[in-house]
Each structure stands twice: as structure tokens, then as C-alpha cells.
Amino acid sequence: MGCSVCNEQHAGAEGTRIADSEGVISIALVGNPNCGKTTAFNMLTGARQHVGNYPGVTVDRKEGTALLNGTPVRLIDLPGAYSLTAFSQEEVVVRQVLAPADKAERPLAVCDVAEACALERSLYLTVQIMELGLPVVLVCNMMDEARKAGVQINLKELSARLGIPVVEAVARTGEGLQGALRQTIQAGRTARKAGSAPLIISYGPDLDPVLGIMSAFIEERSILGGRYPARWIALKVLEHDARILEELRTDSPEAVAWLEEQYEKVAAHLKETHEVAPDAIIADYRYGFIRGVVRGVVKKEANSQDRLAMTDRIDKVLTSTLIGPLFMLAVMYLMFYVTFEVGAYPQGWVENAFGWLGDTVTESLPDGLLRSLIVSGLIDGLGGVLSFVPLIAIMFLMIAFLEDSGYMARIAYMLDRVFRVFGLHGASVMPYIISGGIAGGCAIPGAMATRTLHSPKEKLATLLTLPYMACGAKLPVFLLLAGVFFPENAAGVMFGLLLAGWASALIIARILRGTIIRGQATPFIMELPPYRLPSLRSVLIHCWERTFMYLRKAGTVLVAVSILIWASMTFPGLDEERAAPFEQAIAAAEAQLEQAPENAPEREKLEAALAEAQNALAAEELRNTVAGRIGTAIEPLTRPAGFDWRTDIALLGGIAAKEAIVSTLGTAYSLGEEDPEEATGLAERLASDPGWSKAVALAMMLFVLLYSPCFVALVVIRQEAGSWGWVAFTIVFNTVFAYGVAVAAHRIGLMIWG
Amino acid sequence: MMERCRLRGLKPGARACIREVTATDEMGRRIRDLGLLPGTEVEVVGKAPLRDPVALRLMGTTLMLRNNEAEYILVEVL
């Protein structure tokens, strides 16, 4: 069945909703980032989990089934959040799941995972969930670390003060998790029978009276239909929460004016008397309440070792002025090297396997459209898509390691100052590098790596500009053209293109952040988690999730698009009249070859003549297809950049995969399909062609660097950006931008080299 | 009474108590949500290689914030 909160169909075992006498048992797992919540989720659900996306946002929706004494329980692993304001997509998602529009979707109870050593900060979220009126069980996680650091927590007293069950656990080993889950279900069942009142804390003499009045007003009119407790809505109005105000405006527009009026009154009064805003008072009192709860409950042994002492010592070296950046460069280079050098082996195996499959089918089927569809459309397309799977898996294995170990946060810490200049985030560097910031990357895993960016605007700007990097598939074009037209300085040209990729990405990012993705930088306050050794289990699960996500896309959209591209480069076929002269030439060449005696010296020449005749036909056929006609039609448009129809067709083919540019160019120049790795025939042909020159080569290289990304990358961009609108933008904007640069480069090239 | 200064001006190793947070709206909420509010004790544990952002220790955790965000936080050096 479909789920109203997520846009995925729950399939298979993990989707089977288990109903007991009361209906579905679903438990929400919440907690701060890095609190070990996902580790707990993985321990409880094992392989019985399912990842999807929340609609409209690119936040993972993770669900799984935990077994409690053999009874299945549905667990929702919510994204990490510090608070229930609508600050980030993550927090909005947490709010939506805890207080859904349809009350039936509400989880039975909340299992709140807190880092035992950071209890005060964790309770800030706990208190807000309690204010929402949901039954909560507090799990003090990482108790092993706390014990080691000499931190003692009086669980009984804490539980009594908060009025909720409190348990301890070590998620890494699974200690205490089953008990925590059992208690959560128990708490939920009790609350369902007896009801659970939302927590009410005092917000001081300035706010309490108005909160009371507003709550009564909201209660009376049952505003927002009981989705949230009345006092909670009043609090959000005083915090001036944009999302709640919007909900109120659609739900009860007449009430909003009055509520806003109350807010304005209080705000004006507070500004006059204390020079603060209501939300500041609310945070103060909430933390004040928490400090009262924690006082005397958490004790630290006097002569115990600081648990962060080790992390601090490591940071003294790894984030120092000199060694810090050097180590970071080494890590990034190593990561890049492993992804693409080591990944090349399994990638090669996948390619070979599909190559073999293609050959086998070619041999066993008669020549014709069906064979062409299966081999060139289906097998080549699927093979091209699947060959990225090893790269994605290896890269996410390492990204998960860097994230879980805490080093990723340090990269953001060290580079933030640099990337902020361009309206980006310190964590933007990883997607750029993977996309080809070091030549030879790939925008597909690069775009997927933007998931590590939690600031939406910075993420979007990174996502839209990373296709400018010199990815591995563009390199054959660069190598070919640089080798033919700039033989004396090919390496310099390659390096220049790499820099041009970076410069374009950063400058365009800056422009985007000042125009269509405008907005203040997202506040950067992030946690620097303690260094921890990641568990193999969570690294593997994370890697599998990403790979699976890609595979699911590959199975649907990608194959369809690949067939579409094949069709546009195959149809319509050449009519007989136009094909006739070519067929005759081929027949003549074949006849001559047949007549020539075995081992005769002239056979070689005749074979070459036959191949030439066949290639001439292939070129004519290509020109006649939809893609060929488009290429020919836009020739006048691309003339200023120095491109003729052959180049245009090749560039169109490049949208399928950049690897196709060289091979399509080969076909268009009647050379047969060129092997992109050693296109010697094409190199000679281009060198002697009057339509080609240094200026054209330069324009072409820059165009290939900057124009529309390949369709696999586009599909991944769709997935990460959340809408096809951004994909359309990427195609059009990048192509127009590339065109502008190419025309300028052509002009300048003509001036310099004549 | 000790003199107040901006958190931004503190050197690594310095300890201080927050007295006032002047940021408002989204940034103000974010700063407070993470526990940076009057009465919280903080220690500067380090600065990034380019001297921005700054790493802070508070309530047993480490946070990083940019200098322009630290600008809004007034502290009393301990």
C-alpha cells in the first residue's frame, strides 16, 4: 500500500504493516545528529530496512522492522535534529512525522536517543517533543563512554523529574536497546489508554499570561483541528515560526490576525523592557528548565579523564595551520584515487560482461532493428549505467567512513572560509572533487555526495555547478584534441581545462547564490563530533542504501532514456533511393574483394576500400536520423563556435554519455565507430580537415567541459534537487553558458592563431 | 564586574560565560537551540587554519561557528 507521508510504495517484508489488537505499532526514533540513533536503528532492524525520500525534500526516509520477542514493530528512523523549529529540512520532517496532518499516521510513541555525555543539549529536543504531547522514552546512549569518562547519571531521579521513563543503552553493542524499545511500546500503550498530557513549562511572567490567553483562544476554535496541542501552537506563534503561521493562514485566516496581534504586542513590550525577542525568552526558559532537571542528576567524578581529551589532542594536529590542510589534501586525494583507480577494476568487469553479452547477442541474432535495439539500446545503455555501480559503492564506503569517524566535519571546518566566498559550504569540496575536481572524476557519484550537505541553498548551488568539473568521460575528447592541435603543450592544456572547470563552478555558484538561489548563508553552527572508529556494519549499510537507490533509478528512468537516445540516433532509416549509391559502392567493393585471389597483395587495399564504403553509408545513415537532422539543422547556430554538423551530432550524442562524443564523431567522419581510447584514425582526419583548427579545438574542449551533463547525471541531479525544474535549468543554462564561452574562445583563438 | 567582550575576540584556550546573544530570527534561534545562550560557559578549543570558523566547547560538546556568527555573542571572560 502507499504511504501518505512518503512517496514510496512499501514493498516486500519490510512494508508489511503488522497490526496487533490496537492496529499498527510504529515507533519513531529521534535524536540529535551523531547521537547514535542510526546505529541503534541498524542494530534493531538489521537488514529489514527500507530507504526512500520524503516528498519535496531530499531527506532520507528510513523505516525498518524490529523484532521484539518475535513480534514485529515498525521503526521510523527520523533525521537528526537539535530542535523542532523549522530551521532545516530535517527538523521539518521530524515535525511532520511526529504531528502528521492525519492523526492515524501518528507514531504510537517516541524513542528519544540522547548522548549521555551531552545530556543537557539533547534534552532540548526531548522537552519539545514532550510539549507536543507524545509519549516519550529517553534513551541515554553511549553509556560506555560516559562510564569511562566518570560521568554518572541518576536515571531514577531523571525519570522522576521529567515524568518519562529513562533507560540506558550502548547502541554499538546493542546493550539495552531491546529494553528501550519494550519500554517505548509500553509507554505508548499506556498513553493510548490513559491519554498523555503535553508537558507544560513556565516561560516566565512576560509570556505565561499571553500563552494562556492564546491557548484558550486556539482551544476554543479548535484551530488546526487538534493536530498540535493548543499551547504548542501558541508557543510557535510567539517564536514566529514561519511554517506554523503559514498553516494557520490557510486553516483559519480570521484567527491569524488576532494571534499575530498578540505576538506583536508581546514582542513590542519585550523589546522595550528587556531588548529581546520572545523566541530568545522561550529558549532561555527551556534551557533553564533543563538545567534544573539535570542539576544533581548528572555527576562527574572529580579526577576522571575528559572524554574529549583524545579528540582534542588529535584535532591539535589534524586541524592545525600547516599539517591540517596537508593531511586533508592527502585524504581527499586518497579517496579520489581509491574510488577511481581501484573502482576501475570492477567497473571494467561490468563493462566487459556487458560487452560480452552484446557480442553474444550480436552473433546469435540476425542483423536488423531488433538486434540494434537490444545491443545498442538496451545492453549498451544498461551496461553504461551499471558500470557506475562499483564507483558509487566504493565512494560511499569511504564517505560513510569519513562521516562516521568525524573527519568529514573537520573538512567542512577547515575549508568553510574558502568556500563561503562563493556562497557555498565547507562541505561542498567533497562533491566537487569526486565530480572531477581532480581530473577523471564523475558527476554521478559527485551529485550523490551532496547528501552530506545539510544546508539546502548551498547544496543546490553545489549540485548545479559540479557538472562543470573535468569528469573522466570528457577526458578522451580533451586528450584527442589537445594531442592533435596542441601537441607541444598538451599537458598544459589539460591542466588549464581542469582549472577552467573549477573556476566556472565557483564563479557560477557565486552568481547563482546572488540571483536565483539568493538568501543569507545558512547559519553554519555545526557540531564537531568526537573522533570515533566507525562500525563496519553501519558503513556497509550506508553504502548499500546509496547503491540501491542508484540501482532503482537505473532500472527505470535510465533504461527508458537510453532507448530513447538510441532511437533518435537510429530512426528514421535511410530510404532506398538515397541508400542505393552507397549500397552499390559496397557491393562493388565486395565483388572486387571476392575476385581478388587469396593472399594477393592488393587484398588489403580492397578491404580498406570496402570499409570506407561501409563507413560512408553509416555516416549518411547517421546524418539522416532525428539526432543527425537536429545536428544539421542547428549547424548555422553553432558556426560562430566553429562547429559543423558532425560535431553537433557528436555533442548531442554526448548527452547520452560523454564517452559517446569521440565514437559518434568517428561515425560522422565515416571512420566507423572509433575507440575513444585510441582514436588515431580520427586524430589524423581532424588534423587534415580544413574545418578544424586550434581555435575550433579550444572552443570544442571548453564546450564539452561546460555543456549539459549526461542524462545519468541529470537523473541523479533530479533526485538530489527534488524537481525536474532544476534539471531543465541545468540543461538549458549550462548549454547556453558553454555556447557563450565556446564562441568567445573561438573568436579569441582566431585572433591569436589566425 | 568583569568587562564584556565579543566571543569573536577570544583566543584559543580562553574560557568565558555568555552574557548576551544579540542575533535575531533564524540565526538567533539556531544559536540558542544549540545552547549558546546567557549563562552557558564556553571554552575556545581552536580555530580553523584560516582563523575562521572557531571551535567551541560547551556542555560537553564541540561546536563550530563562523566569526560573523560569533560576533553576535557577548561574553564575560572567566
Side-chain angles (χ1 to χ4, degrees), chain A residues 32 34 82-83 85 87-88 91 115 117-121 124-125 149 151 239-242 275-277 279-280 282-284 286-288 291 306-308 311-312 315-316 319-322 324-325 328 409-410 412-418 420 426 520-530, chain B residues 4 6-8 10-15 17-76:
Chain A
N32 292 169
N34 310 305
Y82 293 109
S83 175
T85 50
F87 169 74
S88 63
E91 290 178 3
E115 206 183 320
C117 289
L119 201 58
E120 243 177 283
R121 219 253 327 270
Y124 194 73
L125 179 67
V151 174
E239 281 179 349
H240 226 223
D241 184 290
E275 278 189 50
V276 285
D279 57 351
I282 292 172
D284 279 358
R286 210 176 263 148
Y287 262 110
R291 281 177 188 147
D306 185 0
R307 79 179 175 119
L308 296 174
T311 292
D312 284 348
D315 269 338
K316 278 247 150 51
T319 63
S320 66
T321 311
L322 189 68
M328 178 172 63
R410 269 77 186 175
Y413 174 61
M414 286 188 276
L415 281 176
D416 182 66
R417 189 71 198 83
V418 180
R420 199 192 323 159
Q520 235 193 344
T522 313
F524 182 65
I525 316 163
M526 259 171 64
E527 198 174 349
L528 280 173
Chain B
R4 285 185 186 186
R6 292 185 192 281
L7 178 61
R8 171 175 189 160
L10 296 188
K11 296 229 151 45
R15 290 165 51 79
C17 185
I18 298 177
R19 285 298 165 221
E20 203 182 330
V21 177
T22 56
T24 54
D25 298 326
E26 192 182 50
M27 189 190 290
R29 268 200 292 279
R30 185 62 170 175
I31 288 177
R32 292 185 186 92
D33 279 351
L34 285 156
L36 290 160
L37 37 82
T40 307
E41 278 183 27
V42 297
E43 183 191 337
V44 179
V45 281
K47 291 201 172 193
L50 293 169
R51 301 285 157 252
D52 183 17
V54 56
L56 290 180
R57 172 76 28 87
L58 63 148
M59 298 189 293
T61 59
T62 317
L63 294 182
M64 54 174 150
L65 68 165
R66 291 174 174 160
N67 280 344
N68 61 357
E69 289 153 0
E71 185 78 13
Y72 293 108
I73 300 171
L74 296 176
V75 297
E76 196 176 292

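Chain letters run A, B, ... following the sequence lines, proteins first, then strands; residues in each count from 1.
Between atom CZ of residue R32(B) and atom CD1 of residue I282(A) there is a gap of 10.5 Å, rounded to the nearest 0.5 Å. Separation of atoms CG (L50(B)) and CZ (R420(A)) is listed at 10.0 Å; rounding is to 0.5 Å. Note that CG of L34(B) is 8.0 Å distant from CD of E527(A), once rounded to the nearest 0.5 Å. Taking CZ from R57(B) and CG from L528(A), the interatomic distance works out to 9.0 Å, rounded to the nearest 0.5 Å. Distance check: T319(A) OG1 to K47(B) NZ gives 13.0 Å after rounding to the nearest 0.5 Å.
Of the atoms belonging to R307(A), it is side-chain heavy atoms, and not backbone ones, that fall under 4.5 Å from chain B. Of the two parts of I31(B), the backbone and the side chain both hold a non-hydrogen atom closer than 4.5 Å to a non-hydrogen atom of chain A. Contacts between T40(B) and chain A at a heavy-atom distance below 4.5 Å involve backbone atoms as well as side-chain atoms. The part of D25(B) that comes within reach of chain A is its backbone (N, CA, C, O), which places non-hydrogen atoms under 4.5 angstrom from that chain. For V54(B), the part sitting under 4.5 Å from any heavy atom of chain A is the backbone (N, CA, C, O) and nothing else.
Residues R291(A) and P38(B) approach most closely at NH1-O, 3.8 Å, considering heavy atoms. Shortest non-hydrogen contact noted between L37(B) and A283(A) is CD2-O, 3.8 Å. Scanning both residues, R29(B) and H240(A), for their nearest heavy atoms gives NH2-O, 4.1 Å. Between L308(A) and G60(B), the closest heavy-atom pair is CD1-O, 3.5 Å.
Enclosure of atom OH in Y124(A) by more than 12 non-hydrogen atoms of other residues, nucleotides or ligands within 6.0 angstrom is indicated.
When each of N67(B), L65(B), T22(B), L63(B) is scored by its heavy-atom pairs under 4.5 Å with chain A, the top score falls to L63(B). Counting heavy-atom pairs closer than 4.5 Å to chain B, the top-ranked of the candidates G288(A), A412(A), P529(A), A280(A) is A280(A).
When side chains are defined from C-beta on, D33(B) counts as touching T85(A), because their heavy atoms get closer than 4.5 Å. Between M64(B) and D416(A), every side-chain heavy-atom pair lies at or beyond the 4.5 Å cut-off. Within the 4.5 Å cutoff, no side-chain heavy atoms of T311(A) are placed close to those of T62(B).
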Criterion side chain to side chain donor-acceptor pair (under 3.5 Å) on T321(A) and R51(B), from CA distance to verdict: CA-CA 9 Å; T321(A) 311; R51(B) 301 285 157 252; 3.2 Å; yes

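Not a single donor-acceptor pair under 3.5 Å links the side chain of Y413(A) to the backbone N or O of P49(B).
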